[in-house]
2 protein chains.
Amino acid sequence: MLYICCMKLDEAKIKYIQTWGSLATSWGINKTMAQVHALLLVSTKPLSAEDIMETLQISRGNVNMNVRALIDWGIVNKEFVIGERKEFFSAGKDIWELFKQITKERKKREIEPVIKILDELQLIDDNSEEAQQFKKVLGDLSSVTNTVNGILDKAIKADEHWLLSNFTKVIKK
Amino acid sequence: MLYICCMKLDEAKIKYIQTWGSLATSWGINKTMAQVHALLLVSTKPLSAEDIMETLQISRGNVNMNVRALIDWGIVNKEFVIGERKEFFSAGKDIWELFKQITKERKKREIEPVIKILDELQLIDDNSEEAQQFKKVLGDLSSVTNTVNGILDKAIKADEHWLLSNFTKVIKK
DNA sequence: TTTTATTTTCAATAATTATTGAAAGTTTTA
DNA sequence: TAAAACTTTCAATAATTATTGAAAATAAAA
């Protein structure tokens, strides 16, 4: 059961999947996880674990782990196909939704812990010149992080149209 | 030649350096690179390769590689200390500048190549239903990526005050 | 020039992270 | 209930990435 139908198109899809996988690593994302998502994204129908295994040439365990992680990130869904016993998976095709979901998750997992730690470190019982300077750096780090966090919050809440047209225009001036 | 003077403060600095290092890995940044930068950021004076080696307990080669990379990213500078033959290094203390520099570099290294590849893939010689759908996904990915790229451009050009107050307020409504 | 101080490189190695595959677990069907 | 279909887990292993350290290169001083 392959998702492929035309040659040139197939090549382009494969290239997209490969490219996405290698780009992912520079963002601290597992290569296979990115590839599985890319595959589901360009697939016209939900795929089973076996479909993914065959297409990406990876083991059952690997597929399972990465599909779970993607579901955990909220960017892949289980699908029930009538007449089929096994599970199928699909990725939402709304890219703005995808962007918002990823942003939301990374914010929660990576930015919020940073803010927490920076705030903790601020509480030093020391008022020397050097300590003041250190606290200043921490405070500035907090400030930037909080601002970015706030911007991401707004982006998550924004609907597609607003973010696309309105937002970019406002930004310009 | 150690940069340390007070106990509690010293602990906090160490904790900050360690924490930064481990957080960095989830952003696809080398742990040591992040630690070296953190160390230079909280240091009151420029440090030599040996200072860094001692404090972080890492090899000369490792220090050299990572300091070069940081200089390459534009967030660490060489300093010439009078009466000293060896090189010293320092990190700029302006966190907004740091944020802008990092954003600029990641944009160049990671976002712009994505846009290029997505555009390349668009050029498929196929008009089937499936091809249309694939092109739609690619187009949407381009759209989001370009928008994010644009926002980052504005952020880079924006001065601290504008980004902090004006921007966040605009975003709110 | 030669010596000495310092930086850079890079093959070898260590540490980390990802992947396999088979066994154990679960759910469905008969 | 047992057998079949499928999913999950995880110890072993592979692949990747980071680090060392000593030799080569470079730069400054004598």
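Throughout, a chain's letter reflects where its sequence line sits, starting with A, and its residues are numbered from 1. A quick note: this is a predicted structure, and the numbers were derived from the prediction, not measured.
The distance from atom CD1 of A/I102 to atom CD1 of A/I29, rounded to the nearest 0.5 Å, is 6.5 Å. Separating the CD1 atom in B/I95 from the CG atom in B/L41 is a distance of 4.5 Å, to the nearest 0.5 Å.
Taking 4.5 Å as the limit, some side-chain heavy atom of B/L98 sits within range of a side-chain heavy atom of B/H37. The shortest distance between side-chain heavy atoms of B/P46 and B/F89 does not fall below 4.5 Å. Using a 4.5 Å heavy-atom cutoff, the side chains of B/V144 and B/D140 are not in contact.
Rounded to whole Å, atom P of D/dT7 lies 11 Å from atom CD1 of A/I71. As rounded to whole Å, 15 Å separates atom C1' of C/dT29 from atom CD of A/E84. Here the C1' atom of nucleotide D/dT8 and the NZ atom of A/K78 are 11 Å apart, to the nearest Å. Nucleotide C/dT20 holds its P atom 10 Å from the CG atom of A/L56, rounded to whole Å. The separation between B/Q57 atom CD and D/dG21 atom C1' is 15 Å, rounded to whole Å. Rounded to an integer number of Å, the gap from A/I58 CD1 to C/dG21 P is 12 Å. The interatomic distance linking B/F80 (CZ) with D/dA28 (P) rounds to 9 Å, in whole Å. The CD1 atom of A/I82 sits 18 Å away from the C1' atom of C/dT28 (whole-angstrom rounding).
Below 30°, between 30° and 60°, or above 60°: for A/Y16 and A/W20 the angle between ring planes is between 30° and 60°, a tilted geometry.
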Between A/F80 and A/F88, is a side chain to side chain contact (heavy atoms under 4.5 Å, CB included) present by the stated rule, with each step listed? CA-CA 6 Å; A/F80 296 95; A/F88 286 77; over 6 Å; no
Could you walk me through whether B/Q101 and B/D94 pass the side chain to side chain contact (heavy atoms under 4.5 Å, CB included) test, one step at a time? CA-CA 11 Å; B/Q101 195 58 39; B/D94 182 336; over 6 Å; no
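Contacts of residues 19-37 of chain A with DNA chain D (heavy atom under 4.0 Å): none.
Within 6.0 Å of NZ in A/K135 there are more than 12 heavy atoms belonging to other residues, nucleotides or ligands.
Of the possible donor and acceptor atoms, one in the side chain of B/T103 sits under 3.5 Å from a partner among the backbone N and O of B/F99.
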Sub-3.5 Å pairs of nitrogen or oxygen atoms, protein against nucleotides 9-15 of chain D:
none

Considering only nitrogen or oxygen atoms on both sides, find all protein atoms under 3.5 Å from nucleotides 2-5 of chain D and state each distance.
{"unit_1": "D/dA5", "atom_1": "O4'", "unit_2": "A/R85", "atom_2": "NH1", "d": "3.3"}
{"unit_1": "D/dA5", "atom_1": "O4'", "unit_2": "A/R85", "atom_2": "NH2", "d": "3.0"}

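For the pair B/R106 and B/W73, the NZ or CZ position fails the cation-pi test of under 6.0 Å to the six-membered ring centre and within 45 degrees of the ring normal.
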